[in-house]
Amino acid sequence: MNLLNQGEPNRDASYVLYWAQMNRRVASNHGLAYAAELANEHRLPLLYYEGLTCDYPKANRRLHTFILEGVPDTARELARLGIGYTFYLRRKRSDANNVFYRLAEKAAAVVTDDYPVFIAREFNKRVPAKLKVPYYTVDSSCIVPMNLFEKREYAAYTIRPKINRWLPEFLEPAPKPKVKVRWSGPGPGPHTEVTADNIAKLVSECEVDQSVPPSLSYRGGAGEAQRHFKHFLEHSLRRYARERNEPSKHATSSLSPYLHFGHINALDVALGAREYAAEHKLVADEFLEELIVRRELAFNHALFSDKPAALESVPGWAQEDLRRHASDPRPEVYTREEFERAETGDDLWNATQKELLLRGKIHGYYRMYWGKKIIEWSATAEEALETMVDLHDRYALDGRDPNTYTNILWCFGLHDRPWFERPIFGKIRYMARSGMERKTDTAAYLKEIAYMEQTGVDPFRLK
DNA sequence: ATCGGCTCGCGCAA
DNA sequence: TGCGCGAAGCCGAT
């Protein structure tokens, strides 16, 4: 927990305010639980505010739909716990309502999410000074709070022992938000009522890019997140270590969209996987390594980098290699539009891009190939990076996340080691189509993507 | 099928 | 100061 301003509690306050910026969930939310504690101290009720605006960069139908799908779950849970809920959908850019500031004026204190990238990073810098009341941020994203680390870690092997030392202390269920003064009735307006039936209509009324359709595969919400998690435990965890890099086997958790929007807490995923593994005599080590060590390494990278998504944040040797090879001839070069439309000369690469377009995420292993080839086929490294970030911002349900930026920069050498010298890449790890063929069943993947493209149905969508 | 070399730098042991 | 080893590989030799 961090207090980010000199605010004094408001004596005439009507509630304590929790502002869900990134962790859009009720269960297992350390920030919300802390807000409930403050509310109890002030003998006030607790109000949960969540907004969705149309004017953040590249806002679109896909992202809006996913976020709105989470709202009914949130409303139900909050009502059960006696916590007030104001959700506001700002449909038009001309809408002058600034609901957060209006609600904050009547709050004894504000609690929100500590988050190291995108809008929350900027808001948490700018907003506290504008408020008269205390403004707290709580890290409800990481298992080991990212602020406990003192510096940017060099690689997984440097952060791993530190995480392992802290884990026994932090791998405990989050406290529940138990309020003493229950909220009765609706939250203070303006409030937008969201039901499963009106989501499509609400989104169509928003001034956002309507050309990006909702994901074929993932619907938002805490309930959906739990369903995916349960399916993963029962059908995939035991295969994870062996088959996680084989996309056609579907052995990964598919939780990244839910982790990104906070519909599920990584802490609960870790606890649940550990418990399931113990009960069923399975080994969850490989999954926990990715969920905890690599995910938290990404948050560490974002927190301690001035620009988490810039080439200046990759190691010196890699930057130097990119510079040295900047004028190497590129045998193939594609424009951003050709990448976007999946129109390169490589059908496997095109399939990965189609997976992004249709599902809203790319399988983790193939995404590395996707990124490496964009580097190889772009005029400059800077342009390659821009293409990757832009395509994720618009199409990925797990974009705009510390993991996204870290996975993209990994393609440029971040958290990786040098390998042998070659054109364009220098000593940055290269990936070849032949390697994909050798190690994975590319034919099965191509078939699966082609089926989705032709039918508009994801055969692996959770029923 | 499997193995070693490629190459940098962190962090711990000495 | 030396040394082991690292987030997902490639390539050529055996």
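By convention in this document, chain letters (A, B, ...) are assigned in the order of the sequence lines, proteins followed by strands, and residues within each chain are numbered from 1.
Distances from the side chain of A:Arg429 to the nucleotides B:dC6, C:dA8, B:dC10 place C:dA8 closest. Ranking C:dA7, B:dG9, C:dC10 by closeness to the A:His415 side chain, first place goes to C:dA7. When distances run from any side-chain atom of A:Thr406 to the nucleotides B:dC8, C:dA7, C:dG9, the shortest one goes to C:dA7. Among the nucleotides C:dA8, B:dT7, C:dC10, the one closest to the side chain of A:Lys427 is B:dT7. Side-chain proximity of A:Arg422 to B:dC10, C:dG9, C:dC10: nearest is C:dC10. Of all nucleotides listed (C:dC10, C:dA7, B:dG11), C:dC10 comes nearest to the side chain of A:Met431.
Look at A:Lys372 and you won't find any side-chain N or O under 4.0 angstrom from OP1 or OP2 of C:dA8. Distances shorter than 4.0 Å separate none of the side-chain N or O atoms of A:Tyr369 from OP1 or OP2 on C:dC10. Residue A:Arg160 places at least one side-chain N or O under 4.0 Å from the OP1 or OP2 atom of C:dA7. Side-chain N/O atoms of A:Lys439 include one lying less than 4.0 angstrom from OP1 or OP2 on C:dG9. Residue A:Lys151 places at least one side-chain N or O closer than 4.0 Å to OP1 or OP2 of B:dG11. At the phosphate of C:dA8, neither OP1 nor OP2 sits under 4.0 Å from any side-chain N or O atom of A:Arg367.
Across C:dC10 and B:dG9, the matching P atoms stand 23 Å from one another, rounded to whole Å. If you take atom C1' in C:dA7 and the same atom in B:dT2, they sit 22 Å apart, rounded to whole Å. When the P atom is used for both B:dC10 and C:dG9, the distance is 24 Å, rounded to whole Å. If you take atom P in B:dG5 and the same atom in C:dG4, they sit 14 Å apart, rounded to whole Å. Nucleotides B:dG11 and C:dA8, compared at atom C1', are 23 Å apart to the nearest Å.
Less than 6.0 angstrom separates the ring centroid of A:Phe287 from the ring centroid of A:Phe232. Ring centroids of A:Tyr49 and A:Tyr18 are separated by 6.0 Å or more, keeping the two rings apart. Residues A:Phe412 and A:Phe425 keep their aromatic ring centres 6.0 Å or farther apart. In this structure, the ring of A:His392 has its center less than 6.0 angstrom from the ring center of A:Trp370. Between A:Tyr218 and A:His228, the distance from one ring center to the other falls under 6.0 angstrom.
Atom NZ in A:Lys162 sits roughly 7 Å away from atom P in B:dC12 (whole-Å rounding). In this structure, CZ of A:Arg244 is placed 12 Å from P of C:dA7, rounded to the nearest angstrom. Following rounding to the nearest Å, A:Arg417 (CZ) and C:dG4 (C1') show an atom-to-atom distance of 11 Å. Taking atom CZ of residue A:Phe420 and atom C1' of nucleotide C:dG9, one finds them 8 Å apart after rounding to whole Å. Note: CG (A:Asn300) to P (C:dA7) measures 14 Å, nearest angstrom. With rounding to whole Å, A:Trp410 atom CH2 is found 16 Å from C:dG6 atom P. The separation between A:Lys373 atom NZ and C:dA8 atom C1' is 15 Å, rounded to whole Å. Spacing between atom CD of A:Glu153 and atom P of C:dG6 amounts to 16 Å, rounded to whole angstrom units.
Nucleic acid contact for A:Glu421: none, since no nucleic acid atom lies under 4.0 Å from a heavy atom of the residue. Residue contacts for A:Tyr157: at a heavy-atom cut-off of 4.0 Å it reaches a base atom on one of the strands shown. The residue A:Arg433 sits apart from the nucleic acid: no heavy atom pair falls under 4.0 Å. Across all strands shown, A:Asp416 has heavy atoms under 4.0 Å from sugar-phosphate atoms exclusively, and none from any base.
Ion pair A:Arg394/A:Glu340 flagged as a salt bridge, since at least one NZ, NE, NH1 or NH2 atom sits closer than 4.0 Å to an Asp/Glu carboxylate oxygen. Using a 4.0 Å cut-off between a side-chain N of Lys or Arg and a carboxylate O of Asp or Glu, A:Glu286 and A:Arg244 do not qualify as a salt bridge.
Distance CD/A:Glu246 to NE2/A:His363: 8.0 Å, rounded to 0.5 Å.
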task: Toss me the dot-bracket line for DNA chain B: Watson-Crick and G-U wobble, both under 3.5 Å, 5' to 3', using | for pairs to another strand and [ ] for crossers.
output: ||||||.||||||.
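Neither side chain, A:Asp398 nor A:His260, offers a donor N or O lying under 3.5 Å from an acceptor on the other.
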